[in-house]
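This is a predicted model, so every value here is computed, not measured. Basis for what follows: all heavy atoms, side chains included, without hydrogens, waters or symmetry-related copies. In this chain, numbering begins with 1 at the start of the sequence shown. First listed ligand is number 1; within each ligand, the first listed atom is number 1.
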Amino acid sequence: MGQTAVWILGDQLPENHPALQAAEAEAGKENVRVLLVQSQARTHKQPYHRRKLVLLFSAMRHYAAELRARGYQVDYLKAPTFGAGLRQFVQEQQPDRLFTMAASEFNGRSFQQHQLASIVGIPVTLLPNTQFLVGQYDPYPNQNNDKKVVMENFYREMRRHFDVLLEDGEPAGGEWNYDKENRKSLPKEIELPDLPRFEPDSVTQEVMDEVAASDHGIGVVDGFDLAVTRQQALAAFDDFLAHRLPNFGAYEDAMTERHATLFHSVLSPYLNIGLLEPLELIEGAAMAYTAGDAPINSVEGFVRQILGWREYIYWQYWRQMPKLVEQNSWEAKRPLPDFFWSADTDLNCLRHVIERAIGAGYNHHIERLMVLCNFCLLAGIEPMAVNSWFLAHYIDAYEWVMLPNVLGMGLNADGGQTATKPYIASANYINKMGDYCGGCRFNHKQRHGEDACPFSFLYWNFLLQHEEILRANPRLGPNVLGLRYLDDDERTAVRHQAQQFLQNL
Ligand code: FAD
């Protein structure tokens, strides 16, 4: 029997890879030959955060080494393109068939479906993607694409199906959703835990040197300390369970100058490349609740993020692609301001958040949504420009998660398919949820005037500009009603200041 090839994509590194399992079952381990390709064209498609590249390439190389230790023959090729790497591999190894798992992203999957077989010239078996639970159970199959599906309903269906946090069929603690208990502001004296650090080994160090030598990318590789193996990623999860999960729920929406990660898990970089799997995180957190180690608002909050939001986002991506990239409901056309690339702005919140994105490639959810996207939505920044910035800056960034989060949730550009209302807020919200405003030169209380925070006059200007549309949205009615406190003079002042600010952006 000839060799059976398995092509493993860089963001598909689960311990039990379905393509590997299928190939082994069919051909026997000794006849399986695994390929991982590091494509130069893909790496240079646009700038990416250097830490993300180190994470990805180091995790791929460690994964290859682990497979070799498990007795597989593995080739790790650096090639100009995926196609070139695949051709080289097929020429050298002469396999007679190829197994691979469906990519999470649209272009990758199209390549597998429409080009791969002709590139390798042998039969290709494309296995379903197992990195998402919605691949096992779709709560809304055959859904008409225009019909809106609310995340909360999707999430409840998923909880029921996967039997998560249920007691006799009812939600644990009595409520499906403890969102109201996820919004406490951070006490000054609370201790904020540091993340575990994973010292780079020689493999990671080599990747760091390679990535640092390239002039293409965001941030620096120095200080890289992320997990790059499954074992380390599991240790990162254990650390979260022990030190952060109990407070995760209460302070989930809090923001502070003092700390970048607060009680967040920072597990998305590992989940998104398969080092961790969603169900094991959900079950681990649910067990912490059963054991009395973490309160329900934290455990349900964490479960909602993964079984609810993460699955829903992936589901929305596939439902809306390829049209999603063209969506621009608010007809936003302004280019992204330069300060997004330099953090050179007087707005204290934006400066801190952008500095963290450039430095570490991470912001927690509320900073991404209510600082960065909120600003871009209020300022009318062109959605795909925002999307490219996000893709470039985060260590957990992949198109399937970025597009629906940025265009759908963050900018409400998809006609409300992903979020039932635009997430917009004035400086009052930013002040309520964090301590950025204290150290800012702008005044969060003023609606307009020399010291007024741009978040405020842009917010009121947005309400005025889109009053009619917003009034029709039942979830935003109350915000629009706030306009009654603005007399004609104030309306004129807000509009004028917003216009001037936007012209100078
Ligand atoms: P935690 O707060 O600890 O949450 C736990 C897990 O829930 C996360 O690890 C993540 O896997 C999942 N999760 C929570 N919310 C979402 C969501 N809306 N979509 C998908 N998964 C979610 N997430 C990414 O993984 N990659 C991205 O590139 C990304 N870009 C985003 C851009 C915008 C504009 C917004 C609003 C959200 C984005 N998110 C993205 C979702 C979310 O902000 C991050 O998953 C989260 O901040 C990662 O940090 P964490 O692991 O500490 O999360």
Side-chain angles (χ1 to χ4, degrees), residues 11 48-49 52 55 104-105 131-134 151 154-155 179 182 193 195 226-227 233 236-237 239-241 243-245 247-249 251-255 259-282 284-285 298-317 340 353 356-357 360-377 381 383 386-414 418-419 422-423:
D11 63 349
Y48 293 107
H49 202 288
K52 175 188 171 182
L55 167 65
S104 314
E105 301 186 345
Q131 289 176 283
F132 300 88
L133 296 167
V134 78
M151 197 295 286
F154 176 98
Y155 164 57
D179 195 26
N182 296 150
L195 295 179
L226 296 169
F237 179 47
D239 185 86
F240 168 67
L241 289 178
H243 302 297
R244 283 165 285 147
L245 178 62
N247 275 327
F248 173 85
Y251 307 113
E252 198 179 336
D253 285 3
M255 300 186 274
H259 206 268
T261 52
L262 287 93
F263 297 98
H264 290 273
S265 69
V266 195
L267 295 174
S268 50
Y270 314 132
L271 256 177
N272 293 354
I273 60 174
L275 291 182
L276 296 175
E277 301 198 17
L279 203 53
E280 67 187 344
L281 303 193
I282 290 164
S298 283
V299 173
E300 187 281 320
F302 182 70
V303 165
R304 186 178 351 117
Q305 300 313 305
I306 296 184
L307 187 58
W309 278 110
R310 184 172 187 272
E311 296 293 331
Y312 176 74
I313 284 291
Y314 183 71
W315 183 83
Q316 283 287 3
Y317 173 76
F340 267 76
V353 171
R356 282 175 184 158
Y362 177 88
N363 292 125
H364 69 70
H365 185 70
I366 289 299
E367 293 181 337
R368 297 185 202 203
L369 183 66
M370 298 310 295
V371 178
L372 297 170
C373 278
N374 183 20
F375 180 85
C376 291
L377 176 53
I381 312 293
V386 184
N387 188 67
S388 297
W389 183 89
F390 270 93
L391 257 183
H393 281 79
Y394 290 97
I395 50 174
D396 57 11
Y398 298 89
E399 188 188 83
W400 67 262
V401 63
M402 202 48 96
L403 272 176
N405 267 306
V406 174
L407 268 73
M409 193 180 197
L411 302 179
N412 196 247
D414 67 348
T418 309
Y423 284 95

Revision key, fill the gap. Taken to the nearest 0.5 Å, the spacing of Tyr314 OH from Glu105 CD works out to 9.5 Å

Check your understanding: Are any of the side-chain nitrogens in Arg304 or Asp179 under 4.0 Å away from the carboxylate oxygens of its partner?
Key -> yes

Check your understanding: Hey, are Arg368 and Asn374 close enough side-chain-wise for a donor-acceptor pair under 3.5 Å?
Key -> no

Check your understanding: Side chains of Asn272 and Ser268: is there a donor and an acceptor less than 3.5 Å apart?
Key -> no

Check your understanding: Measuring from each atom of ligand 1, which residues have a heavy atom under 4.0 Å away?
Key -> Phe248, His264, Ser265, Val266, Leu267, Ser268, Leu271, Asn272, Phe302, Gln305, Ile306, Trp309, Arg310, Ile313, Tyr362, Asn363, His364, His365, Arg368, Leu369, Cys373, Phe390, Asp396, Ala397, Val401, Met402, Asn405, Val406

Exercise for review: With sequence neighbours excluded, tell me which residues meet side chain to side chain donor-acceptor pair (under 3.5 Å) with Glu277.
Suggested key: none

Review point. Looking at Phe302, does the NZ or CZ of Arg244 lie under 6.0 angstrom from its six-membered ring centre and within 45 degrees of the ring axis?
Key: no

